[in-house]
Amino acid sequence: MLMKEFFCPTLRELPAEAEVISQQLMLRAGMIRKVAAGIYSYLPLGYRVMKKLETIIREELDKAGAQELLMPVLHPAELWKESGRWAEYGPELVRLKDRKEREFCLGPTHEEIITFLVRHELKSYKDLPLNFYQIQTKMRDEIRPRFGVMRAREFTMKDAYSFHASRESLDECYEKMYHAYCNIFNRCDLDYRVVEADTGPIGGSDSHEFMVTADTGEDQVLYCGDCEYAANIEKASARVKVKEMPVKPKKEMLYTPDIKTIAQLAEYLSVPEEHTIKTLIYRGEKGEYMALLRGNDQINEVKLKNALQENEIEMVVDDSLERPMGFVGPVDQKGFKIISDNLVMKMDWGITGANEKDYHLTGVIPGQDFKPQIIADIRLTQSGDGCPHCSNPLRTARGIEVGHIFKLGTKYSQAMKAFFIDADGKERPFIMGCYGIGVGRTVAAAIEQNHDDMGIVWPWPLAPFQVIVLSLGASDEINNVAENIYKELWNIDVETLWDNRKERPGVKFNDADLLGIPLRITVGKFAKEGKIEIKERASGKTEIVNIHQVVQWVNQFRKRKGE
RNA sequence: CGGGGUGUAGCUCAGUUUGGCUAGAGCGCUUGGUUUGGAUCCAAGAGGUCGUAGGUUCGAAUCCUAUCACCCCGACCA
């Protein structure tokens with residue numbers, strides 16, 4: 001490709017909209033352009049990278065026995081009503097009507113469509129297992145799109161769905177996909193971590209997320225430095241010892257004027273926060289709840305939502321409930337269902353709100369003075385908590401979720417009546433798995449992890465081109481040398497970009513660095529001695545090489561990169 | 001949805017407080033010259049319904065009202 005002809009509008013200045021480094025570099029390198037909030041066009045350079053990644057994905061998934069197909073973007077509402085998600089999914093689901101007023105949505109994911117397909121076509125356990133995938137555009141009307149293609153409203157996703165007659169078969173496939181994912185991200189030279197995850201609205205049992213570690217990651221991950229344990233903070237649990245407490249005081253009301261927060265309470269009474277019990281009020285679709293935590297703990301709303309089996313919950317912070325907000329507590333209260341964190345139940349006693357303005361109650365014994373309907377882990381795990389496997393302290397990191405695999409079970413097949421006939425002649429719902437990779441997000445994550453002050457530093461397998469040839473000066477001699485190298489490299493299938501623009505050397509060097517192409521060949525002042533310079537973008541190492549040995553040199557470099 | 005902010009040239013931004021002639025700068029773009037190993041320098045030039053609509057005024061980028069878009073924080077979310 002000739003740079004003179006290649007549409008690659010690089011930007012010298014930083015676009016104001018760009019928040020994170022990957023977004024800045026994708027815009028500056030001419031990979032993407034924004035069309036509207038969370039909606040992007042991929043320009044030729046960006047699309048080349050995306051196709052590189054897609055090829056890797058296809059190779060690994062085909063190897064794992066999955067079959068590629070393509071499903072529609074436009075989904076009839078009936079299928080979503082069958083699965084129940086027409087109601088469950090919020091405004092994130094883009095809904096529309098056709099000219100005949102029939103309802104549709106734009107697919108944010110494809111469980112309904114694939115289940116619909118399979119229930120019509122597969123009847124026997126003998127057909128199973130099967131694993132389908134597609135690489136396709138997804139639509140989610142995100143509340144707040146940001147970070148460029150990292151959280152977009154329209155984005156490309158690889159999604160796969162597997163169908164099984166037994167749990168064991170699902171486990172086996174899940175394992176295969178897990179390894180395929182590892183291969184994919186390994187091949188992209190990404191530094192990632194696999195963590196246990198919450199399943200969210202997609203549902204299901206086991207679930208792992210593939211997190212590319214990056215400070216700008218939106219997800220927080222807890223991991224153990226000593227064993228294999230790693231989990232998304234939404235899911236992470238911990239082994240926490242509740243310290244022995246001093247002798248229980250008499251149960252009595254304490255006058256605590258205007259003391260509404262745990263911090264104020266602990267200070268006012270000169271007790272540690274962990275001797276208090278925090279009462280949070282939540283409103284869900286099925287009722288109103290009191291959630292109890294140790295004073296020093298934070299709520300994990302994902303866990304809470306799961307424990308309550310609610311779709312939507314909202315913390316009540318105003319005084320719409322006509323209770324003395326700041327002084328509510330579980331003792332002798334009416335109207336709320338009480339859910340208590342495990343750790344609260346291990347406390348010998350605690351201080352709670354007294355349900356009377358300006359009063360708290362001390363000496364409250366969990367399980368005796370109040371009896372929760374639900375006891376569960378609803379606390380946010382923190383850095384330093386004990387690992388649930390080995391008790392060593394957990395650490396935190398930030399990550400970008402690039403892949404997510406789920407064991408769905410029969411949630412969709414059951415709801416949508418997708419059954420097969422098992423060996424015993426009985427009708428059973430398909431057991432399903434589901435596996436996603438954010439394609440654009442992975443590209444962004446790769447940049448997030450591979451860049452320097454000058455620009456992108458592509459890992460070889462994702463690079464839009466492997467080599468960029470710079471011809472400095474306009475002499476025929478230099479142009480001829482550059483052109484020969486350019487042609488010879490293409491002859492051995494090395495994707496090469498030749499910067500033949502009439503630009504100053506500085507401009508070409510800067511653009512080459514910005515684009516991040518792994519090898520840069522400079523044809524300039526050494527050309528008359530029959531030599532050129534090769535520079536490796538990642539290490540910055542340069543080497544002067546004889547013109548006749550360039551192709552061989554590149555070929556060997558390529559082999560070292562395992563291609 | 002709540003709070004805050006921004007919309008002026010392709011990009012980054014000044015000008016708005018205190019209304020006043022023909023709306024500016026840098027970068028980019030075009031032309032000519034110059035230079036050629038890290039974003040040269042010189043000269044000439046093109047490019048703007050000042051987000052949109054309405055209002056106030058002799059006069060609006062500037063003041064008022066409405067509206068749209070975008071951005072940030074929160075809620076929310078694979």
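Here is the naming used below: chain letters follow the sequence lines, and residue numbers restart at 1 for every chain.
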- Message: From C-beta outward on A:R28, which listed nucleotide comes closest to its side chain: B:rC70, B:rA39, B:rG37?
- Response: B:rA39
- P-based separation of B:rG4 from B:rU65 [nearest Å]: 15 Å
- Query: Which whole number of Å gives the distance between the P atom of B:rC50 and that of B:rG24?
  - Reply: 14 Å
- Item | Euclidean distance for C1', B:rU40 against B:rC13 (whole angstrom) | 24 Å
- Message: Whole angstroms only, please: what is the CD-C1' distance between A:E301 and B:rG74?
- Response: 12 Å
- Note on the structure: Value for CG (A:L74) from CG (A:L106), rounded to nearest 0.5 Å, stands at 6.0 Å
- Nucleotide forming a Watson-Crick or wobble pair with B:rU17, both distances under 3.5 Å: none
- Item | Interatomic distance, A:E92 CD vs B:rC1 P [rounded to whole Å] | 16 Å
- Ring geometry between A:F210 and A:F185 (parallel below 30°, tilted from 30 to 60°, perpendicular above 60°): tilted
- Task: For A:E19 and for A:A474, find the nucleotide of RNA chain B with the closest heavy atom, then tell me which residue's nucleotide is more 5'.
- Result: A:A474
- Task: Send over the distance from A:E234 CD to B:rC76 C1', rounded to a whole Å.
- Result: 11 Å
- Task: Establish, yes or no, whether a centroid distance under 6.0 Å links the rings of A:Y161 and A:F430.
- Result: no
- Base-pairing assignment for B:rA25 (Watson-Crick or G-U wobble, both under 3.5 Å): B:rU12
- Query: Say you draw a straight line from CG of A:L53 to CD1 of A:I184; how long is it, rounded to the nearest 0.5 Å?
  - Reply: 8.0 Å
- Task: Looking at every strand, decide which applies to A:G524 at a 4.0 Å heavy-atom threshold: base, sugar-phosphate, or nothing.
- Result: base
- Assign A:R33 to base, sugar-phosphate, or nothing according to its heavy-atom contacts below 4.0 angstrom with the strands shown. nothing
- Item | Distance in Å, A:K34 NZ paired with A:M26 CE, rounded so as to fall on 0.5 Å steps | 14.0 Å
- Message: Looking at A:R144 and B:rC72, is any side-chain donor or acceptor paired with a base atom of the opposite kind under 3.5 Å?
- Response: no
- Could you tell me whether A:E218 contacts a base, only the sugar-phosphate backbone, or nothing, with contacts defined as non-hydrogen atoms closer than 4.0 Å? nothing
- Query: Which part of the nucleic acid, if any, lies within reach of A:E533 when heavy atoms closer than 4.0 Å are counted: base, sugar-phosphate only, or nothing?
  - Reply: base
- Rounded interatomic separation in angstrom, taking CD1 from A:I400 and C1' from B:rC77: 17 Å
- Message: What contact category does A:Y435 fall into here, base, sugar-phosphate, or nothing, at under 4.0 angstrom with non-hydrogen atoms?
- Response: nothing
- Figure out the CG/C1' separation between A:L515 and B:rG38, and round it to whole Å. 15 Å
- Task: Could you measure between the two P atoms, the one in B:rC41 and the one in B:rG3, and give it in whole Å?
- Result: 49 Å
- Query: Between B:rC58 and B:rC71, how far is it from one C1' atom to the other, in whole Å?
  - Reply: 39 Å
- Task: Could you please spell out the steps behind the salt bridge (charged side-chain N to carboxylate O under 4.0 Å, His left out) verdict for A:D377 and A:K303?
- Result: CA-CA 7 Å; A:D377 173 17; A:K303 288 182 185 174; 3.0 Å; yes
- Note on the structure: Which of A:D215, A:T216, A:V443, A:V212 passes side-chain contact (heavy atoms from CB on, under 4.5 Å) with A:E448? Answer is A:T216
- Message: Protein within reach of the bases, or only the backbone? For nucleotides 27-34 of chain B, mark each nucleotide 5' to 3' as B, S or -, using heavy atoms under 4.0 Å.
- Response: SS------
- Message: Under 3.5 Å for both donor-acceptor distances, Watson-Crick or wobble: does B:rG7 have a partner, and if so which one?
- Response: B:rC68
- Message: Heavy atoms only, 4.0 Å cut-off, all strands: where does A:L11 land among base, sugar-phosphate and nothing?
- Response: nothing
- Base, sugar-phosphate, or nothing: which does A:F155 touch, judged by heavy atoms less than 4.0 Å apart? base
- Query: For the base of B:rU35, is there a side-chain donor-acceptor partner from A:R504 under 3.5 Å away?
  - Reply: yes
- Touch class at under 4.0 angstrom, heavy-atom based, for A:K305 against every strand present: sugar-phosphate
- Message: When the C1' atoms of B:rA9 and B:rA61 are compared, how many Å lie between them, rounded to an integer?
- Response: 14 Å
- Looking across every strand, which nucleic acid part, if any, lies under 4.0 Å from A:M454 by heavy atom: base, sugar-phosphate, or nothing? base
- Distance-minimising heavy-atom pair for A:A180 and A:A64: CB-CB, 4.1 Å
- Message: Could you tell me how far B:rG55 sits from B:rA39 if I compare only their C1' atoms? Round to whole Å.
- Response: 48 Å
- Query: Roughly how many Å is it from CG in A:L470 to P in B:rA39, rounded to a whole number?
  - Reply: 14 Å
- Residue closer to the 5' end of RNA chain B, A:D219 versus A:P15 (nearest nucleotide): A:P15
- Can you find a side chain N or O atom of A:K525 that sits less than 4.0 Å from OP1 or OP2 on B:rG38? no
- Query: Within the structure shown, what part of the strands sits under 4.0 Å from A:K138 by heavy-atom distance: base, sugar-phosphate, or nothing?
  - Reply: nothing
- Task: Please say whether more than 12 non-hydrogen atoms of neighbouring residues, nucleotides or ligands are located less than 6.0 Å from NZ in A:K528.
- Result: no
- Message: I'd like to know whether OH of A:Y178 has more than 12 heavy-atom contacts from other residues, nucleotides or ligands below 6.0 angstrom.
- Response: yes
- Can you name the closest pair of heavy atoms from A:S237 and A:Y229 and give their distance? N-OH, 3.2 Å
- Item | Rounded distance in Å - CZ (A:F147) to P (B:rC77) | 17 Å
- Whole angstrom value for the distance that separates P of B:rA39 from CG of A:N510: 6 Å
- Nucleotide nearest A:V507 (side chain, heavy atoms from C-beta), chosen from B:rA39, B:rC73, B:rG38: B:rA39
- Listed nucleotide nearest any side-chain atom of A:D511, set B:rA39, B:rC76, B:rG37: B:rA39
- Task: Spell out yes or no: do the side chain of A:R146 and the base of B:rG74 have one donor N/O and one acceptor N/O closer than 3.5 Å?
- Result: no
- Message: What's the gap between B:rC11 and B:rC70 when it is taken at their P atoms, as a whole Å value?
- Response: 16 Å
- Classify the nucleic acid contact of A:L14 as base, sugar-phosphate or nothing, counting any heavy atom under 4.0 Å across all strands shown. sugar-phosphate
